Structure formats: C-alpha cells, structure tokens
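All heavy atoms count here, side chains included; hydrogens, waters and symmetry mates do not. Note that the structure is predicted; figures quoted are calculated from it, not measured. We count ligands from 1, going down the list as the structure has it; atoms in each ligand are counted the same way.
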Amino acid sequence: MVNDSMNLVFLGTGGAWGIPELNCDCRICTEMRARRESRKRCALLLSGVTNLLIDCGPDISSQLSANPVEKIDGLLISHEHGDHYLGMDDLSAYKRTMPRGKFTPIPVFLTSRAWETIGSRFGYLAETGVIEVRVVEPGKKYVLGQLEFIPFKTSHGGFAEGSVGYIIRFRRKNGDEARLVYTSDFVDVVDAPEELLSPHFLIIQSYWFHEPAQNRPSHMSFQRSLDFIRRWKPLEETFLVHLGDADMVPGDPANSMMKKTVPKHPLAPPSGGAPYPVPLHHDQWQESVDQVVRDYRLPFKITVARDGMKADLS
Ligand SMILES: [Zn+2]
Ligand SMILES: [Zn+2]
C-alpha cells in the first residue's frame, strides 16, 4: 500500500495549558504575546489517504478548522491528561455533518487504563456512535487504513498510568517503509521496543529547555531529550513539541511563580562556559537548538515545531 501523499500537520505544539499561558506575565509569555506567537495544546494530524488524528485536546475545534480534513479515520490517544483528550466531544461534528446513514464511528485507540479515566467522561460518545473504542496493548501491532502502528509504554507519572507513545509505519511514494515515532509526554520509556531505533522521524517533547532540579510532573526537557535522540538516532528529522514556559529566566520577577523550575545542571557548551540562555520565543528556540547541534556535533536535524507547521513525509 503506497501513500500518494503523507503530510504531518502540527496542530498544536504547546504544553498542558498552551503558551502564552492565561494570567502569566513571565518573560516567555510576555515576549510571545509581543510577537503574536502562540502554541496551543499538543495534537498532530497525519493526512493523506488515511487521516489520523493524534491526541485531541481542548483546542481541537479551532485547530481542525484551521487545518480542515473531510473525515477523520482514526484517533490515537497518548494518555489520560486533559490536554490530550478533552476535545473529543468536538468530533461529533464529523457525524453531524455527514449525510444520513453514511457515518461510521471514529475508531479511538487508547490503553484500557486511559479509557478508564476518559470513558468516565466521554463514554456517551461510544454509546451514541460518534466513536468506537479500540483498546490497545503496548508492543502489539494495529492497522488503520494505510497505516500501521505499535504503542509503547512510557513513564509519565502516577496520574497517567495509561500513557503510551506510538510508532507509526507507512509506505512512501517510492514504496519504501518509513517510521514515525511520537513519544507524547514522558520522562522515560519502559521496555523500549526495537522499532524505536532509527526511526525516519521522531516527535519528542521539550517541555523545558533545561532539565529541572526536580522533574516532578514527569515531563521531558530538551536537555534530557538529547539522550533519547542520541540513543534512537532518528534518520531524517526530529521535531520538538509540547513546549512550556516553566524554565526560570534570570532576572525575571515571575521566577517566584509556582510553575517556574530551577535547572539541575543547565545545558552548557561542551567546551564549558556559560549555559545556553533559555529561549523566549520560537526563533530563539531554533537558534539555541541549532547551536547545541553544532557545538555537540550531533548528526541529527532537529526542528522546533510551531503551530500549523506541515512536513511532507512522503
Ligand atoms: Zn501534555
Ligand atoms: Zn501529560
């Protein structure tokens, strides 16, 4: 099965509350507002012959309005945190606008533990035929149209026992198989499957730039993600998503906010010297990442994703 086209659309690239965050006047949010930048809740769309939505947070209606598709063939849910599923009711639109008798429920793939939480709120979507629940198990292979995927178990703290990442396989125009890995929110991977190695594309969380002294919410920083990028060795491109505003910025009075974290050992050039400064907006993020890639001579292309960005994977 060959996909004529396969586009990856970054519907949202922000953390759990999006940035700039409501009520926040930290240096990062202030700078982003001045530049009219925003990162909505994290969601992805693989569009082609098969349209696959990955996560479905509270911004999904505006995200899909800005990046429309006629139908959604399936939804992968990474875990049971609100920013990854609270928009599921908006999928009703795809049923409501379909000619009578033509709609088939949207298959929603997620772990049983994730459905325990999500089903207590959105069970009616299954009962009314908007969605069809497909419980997945880490390590098993699933097929959806022209795509295949394998969930893998991730560690993302006690309130997300059902969290998984996904390895998605598809065929390119030339017939070759390619793999895309989406880690979602995580701090580590349990029993990493072999298919995680050398994926063509990796989408990885960078909630902070510097790893915090206490990683209590069990998220991935850019600094820590470098270990995983080095280990998994993505062949073509790595995309950073789920960016937050919780890094402390030197001199910012907002550093006293509860969400702001002290770095553990801030990422610094290999030759020593001052740590890399915390990026305040998109261009600074990409410049800092490029500098780290050069300084550490990393043989990887790392792109800081932004909302609405598209990548042609075919
Ligand atoms: Zn999240
Ligand atoms: Zn989460």
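Here the two rings, on F222 and Y276, have centers that are 6.0 Å apart or farther. Taking the six-membered ring for Trp and the full ring otherwise, the centers of F109 and F149 sit less than 6.0 Å from each other.
With sequence neighbours left out, the ring-ring contact (aromatic ring centres under 6.0 Å, His included) criterion links F10 to F239. For W285, the ring-ring contact (aromatic ring centres under 6.0 Å, His included) partners are F209, not counting sequence neighbours. In this structure R41 satisfies the side chain to side chain donor-acceptor pair (under 3.5 Å) test together with D59, sequence neighbours excluded.
Between H84 and H242, the angle of the ring planes stays under 30°, which puts this pair in the parallel group of the 30/60° scheme.
Distances shorter than 2.8 Å separate the Zn ion (ligand 1) from the protein N/O/S atoms D83 OD2, H84 NE2, D185 OD2, H242 NE2.
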